[in-house]
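Computation of the quantities below employed the complete heavy-atom set of this structure, encompassing side-chain atoms and omitting hydrogens, waters and symmetry-equivalent molecules. So that the names make sense, note that chain A is the first sequence line, chain B the second, and so on, each numbered from 1.
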Amino acid sequence: MIKQVLILLAVFYLLALLQTSFFVDFRIWGVVPNFILISALLINVFEKPQKNTGMLAGFIGGFFLDIFSSNPIGFYALILLALSFLIKIIFRKYVWLPAS
Amino acid sequence: MRFFFKKGKILVLIVGIIIVLSLNFFQKEVKGFFYVFSAPIQITFGAAGDKVSGFFEAIGNLSELKTANDELQKVIQEMLAEKASFAELKKENETLREALQVGLQKDFQLAFVTVVGKDIGQESILINRGAGDGLLVGMPVVTQQKILVGRIGEVLENFSRVVLISNKESAFDAKVSGTETTGVARGQGNSKIEFDLVPQDKVLKVDDLVVSSSLGGIYPEGLLAGLVKKVSRNDVSPFYQSEIAPLFDIQDSNAVFVILNFNND
């Protein structure tokens with residue numbers, strides 16, 4: 001669990017740095033994709049529905065988005081946590097995946 | 001919730017949320033702490049992004065480059081013809097500048113700052129100077145070409161956040177350069193600025209240069225804001241509906257100036 005948290009912290013910190021410096025120069029139709037949001041959502045979608053890493057990823061990713069934006073700390077963290085939670089509910093209750 | 005987590009995990013989650021939210025009591029210190037060791041990395045990444053995007057842009061525009069090159073050749077020829085007359089005007093201008101002392105550095109006391117981070121979504125940039133360097137909320141930020149960037153919205157000890165003129169929170173009095181056509185430039189987000197409250201009895205055209213006005217006391221007079229991009233009339237409203245394309249480009253900005261001695265109280 002601690003190892004997981006440390007990896008997510010490192011990955012999302014790096015992504016937040018890239019999001020506010022490197023990726024700014026790569027606009028797609030005038031918009032810079034939010035790679036933290038995309039990564040957090042992808043983790044939630046592709047991990048096993050029983051696991052909670054995606055929610056942790058959403059929370060940590062949101063925290064770093066808050067740090068590098070003018071929002072109060074916790075704004076994006078709670079939004080991404082809630083989004084992750086929603087995805088979990090949908091996947092656990094309404095999506096049946098074939099057993100591998 | 002009991003389908004999802006064990007009690008222990010719920011507790012950890014709640015404690016985590018409380019800790020993160022309580023960081024807001026020390027928001028400036030926490031953000032400042034992260035910015036201090038992130039700034040050098042962000043500057044390096046930013047410079048790399050500039051180079052890489054420039055490379056890909058050049059490849060993607062190869063076919064357009066030839067057309068642009070032909071057009072530029074024509075422009076160069078026209079400009080060469082104009083150059084002779086400009087040389088004379090330049091001499092005259094320099095003499096007048098010296099006489100009137102209207103250079104940027106003569107007009108204002110400036111602080112040179114480096115752009116550390118850019119937040120495109122919120123139309124703001126992070127600069128590497130803060131309260132410790134004498135920066136205050138509301139100070140105008142410009143480029144070396146006297147192009148208006150925005151104003152300082154938040155000051156930390158060693159860093160400040162600049163709210164760009166295209167930010168939705170930004171609104172200032174502006175006018176068309178060299179005329180009495182005045183209005184209010186309101187940020188619309190996504191690098192767009194609305195030029196509002198321009199009466200229809202005034203003349204407003206596409207490509208008119210819009211500069212800041214000292215009327216509202218937010219910015220000094222004459223800073224370049226942008227070019228009028230769209231103008232339309234509406235019979236219902238007494239004002240034009242117009243849009244300005246800002247001259248400042250968030251992507252190409254790596255260093256800007258803060259005007260220290262402008263009193264906007």
Side-chain angles (χ1 to χ4, degrees), chain A residues 1-2 5 9 13-37 49-56 58-60 62-82 84-89 91-93, chain B residues 1 3-6 9 12-13 16-27 30-35 38-39 41-54 56-57 115-126 153-154 161-163 167 169 190-192 250-253:
Chain A
M1 174 75 175
I2 292 172
V5 172
L9 280 170
Y13 172 64
L14 188 70
L15 269 180
L17 290 181
L18 289 168
Q19 184 73 39
T20 53
S21 54
F22 190 84
F23 293 139
V24 175
D25 296 307
F26 298 90
R27 293 192 199 192
I28 301 167
W29 296 298
V31 179
V32 178
N34 189 330
F35 289 96
I36 291 183
L37 177 74
Q50 293 74 26
K51 291 196 170 181
N52 296 316
T53 313
M55 294 178 63
L56 195 63
F59 189 64
I60 291 172
F63 172 74
F64 282 119
L65 271 182
D66 291 328
I67 289 291
F68 291 101
S69 74
S70 51
N71 290 318
I73 300 171
F75 179 79
Y76 276 121
L78 291 183
I79 288 177
L80 287 195
L81 182 66
S84 307
F85 189 67
L86 197 71
I87 292 172
K88 287 282 163 222
I89 289 177
F91 271 76
R92 285 184 195 184
K93 286 196 168 185
Chain B
M1 290 287 273
F3 297 112
F4 284 71
F5 307 112
K6 291 172 186 166
K9 285 189 177 175
V12 170
L13 185 71
I17 291 171
I18 291 171
I19 289 173
V20 166
L21 290 179
S22 63
L23 289 177
N24 280 302
F25 293 111
F26 321 97
Q27 198 187 119
V30 174
K31 286 189 175 181
F33 167 76
F34 275 98
Y35 295 160
S38 304
I41 312 171
Q42 281 179 294
I43 291 169
T44 314
F45 281 164
D50 273 351
K51 281 181 192 167
V52 177
S53 70
F56 283 113
E57 219 167 87
V115 177
V116 173
K118 301 166 186 176
D119 188 349
I120 291 218
Q122 296 192 331
E123 306 272 333
S124 68
I125 54 173
L126 188 72
E154 185 188 7
R161 191 166 287 282
V162 178
V163 177
N167 185 298
E169 290 173 17
N190 211 10
S191 297
K192 286 180 185 164
I250 191 169
Q251 278 179 286
D252 297 331
S253 57

Enquirer: Can you tell me which portion of A:F75 sits under 4.5 Å from chain B's heavy atoms? Options are side chain, backbone, both or neither.
Expert: neither
Enquirer: Relative to each other, are the rings of A:F63 and B:F34 parallel, tilted or perpendicular (30° and 60° limits)?
Expert: perpendicular
Enquirer: Can a side-chain donor-acceptor contact be found between B:Q122 and A:N71 if the only test is distance below 3.5 angstrom?
Expert: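 Looking only at side-chain atoms, B:Q122 and A:N71 do form a donor-acceptor pair, the distance falling under 3.5 Å.
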Enquirer: How far apart are the closest heavy atoms of B:Y35 and A:S69, and which atoms are they?
Expert: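 Scanning both residues completely, I find the closest heavy atoms to be OH-O, 4.1 Å.
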Enquirer: Using non-hydrogen atoms only, which part of B:S191 is less than 4.5 Å away from chain A: side chain, backbone, both, or neither?
Expert: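 Only the side chain of B:S191 comes within 4.5 Å of chain A.
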Enquirer: Measuring only between side-chain heavy atoms, which start at C-beta, is B:I41 closer than 4.5 Å to A:L14?
Expert: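 With C-beta onward as the side chain, the pair stays apart.
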Enquirer: Rounded to the nearest 0.5 Å, what separation is found between the CD1 atom of A:I73 and the CD atom of B:Q27?
Expert: 5.0 Å
Enquirer: Under 4.5 Å between any side-chain heavy atoms of A:F22 and B:V52, yes or no?
Expert: yes
Enquirer: Please report the C-alpha distance between B:F45 and A:F23 in whole Å, then the side-chain angles of each, then the deciding distance to 0.1 Å, and finally whether the ring-ring contact (aromatic ring centres under 6.0 Å, His included) criterion is met.
Expert: CA-CA 9 Å; B:F45 281 164; A:F23 293 139; 9.0 Å; no
Enquirer: Would you compute the distance between atom CG of B:L13 and atom CZ of A:F85 and round it to the nearest 0.5 angstrom?
Expert: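 The CG atom of B:L13 sits 9.0 Å away from the CZ atom of A:F85.
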Enquirer: Within the 3.5 Å criterion, strictly below it, is a donor on A:T20 or B:Q42 matched to an acceptor on the partner's side chain?
Expert: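 There is such a pair (donor and acceptor under 3.5 Å, judged by atom type) between the side chains of A:T20 and B:Q42.
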Enquirer: Flag the one option from B:D50, B:L21, B:V116 with the top tally of heavy-atom pairs under 4.5 Å to chain A.
Expert: B:D50
Enquirer: Rounded to the nearest 0.5 Å, what separation is found between the OG atom of A:S70 and the CG atom of B:D119?
Expert: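 Rounded to the nearest 0.5 Å, the OG-CG separation comes to 6.0 Å.
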Enquirer: Quick check on A:L78 against chain B: is it the side chain, the backbone, both or neither that has a heavy atom closer than 4.5 Å?
Expert: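 The side chain, not the backbone.
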Enquirer: Report the option among A:L18, A:I67, A:L81 that has the most heavy-atom pairs separated by less than 4.5 Å from atoms of chain B.
Expert: A:I67
Enquirer: Given side chains that start at C-beta, do those of A:D66 and B:L23 come closer than 4.5 Å, heavy atoms only?
Expert: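 When only atoms from C-beta onward are counted, B:L23 and A:D66 do not touch, as no gap falls below 4.5 Å.
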Enquirer: At a heavy-atom separation under 4.5 Å, does B:L126 approach chain A through its side chain, its backbone, both, or neither?
Expert: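 Neither part.
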Enquirer: Taking atom OG of B:S124 and atom CZ of A:F68, what is their separation to the nearest 0.5 Å?
Expert: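 One gets 13.0 Å once the value is rounded to the nearest 0.5 Å.
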Enquirer: Considering all heavy atoms of both residues, which atom of B:G46 and which atom of A:S21 are nearest to each other, and what is their separation?
Expert: N-CB, 3.7 Å
Enquirer: Minimum heavy-atom separation for B:S38 to A:Y13, with atom names?
Expert: OG-OH, 2.6 Å
Enquirer: Give a yes or no answer on whether the side chain of B:N24 reaches the backbone of A:P72 with a donor-acceptor pair at less than 3.5 Å.
Expert: no
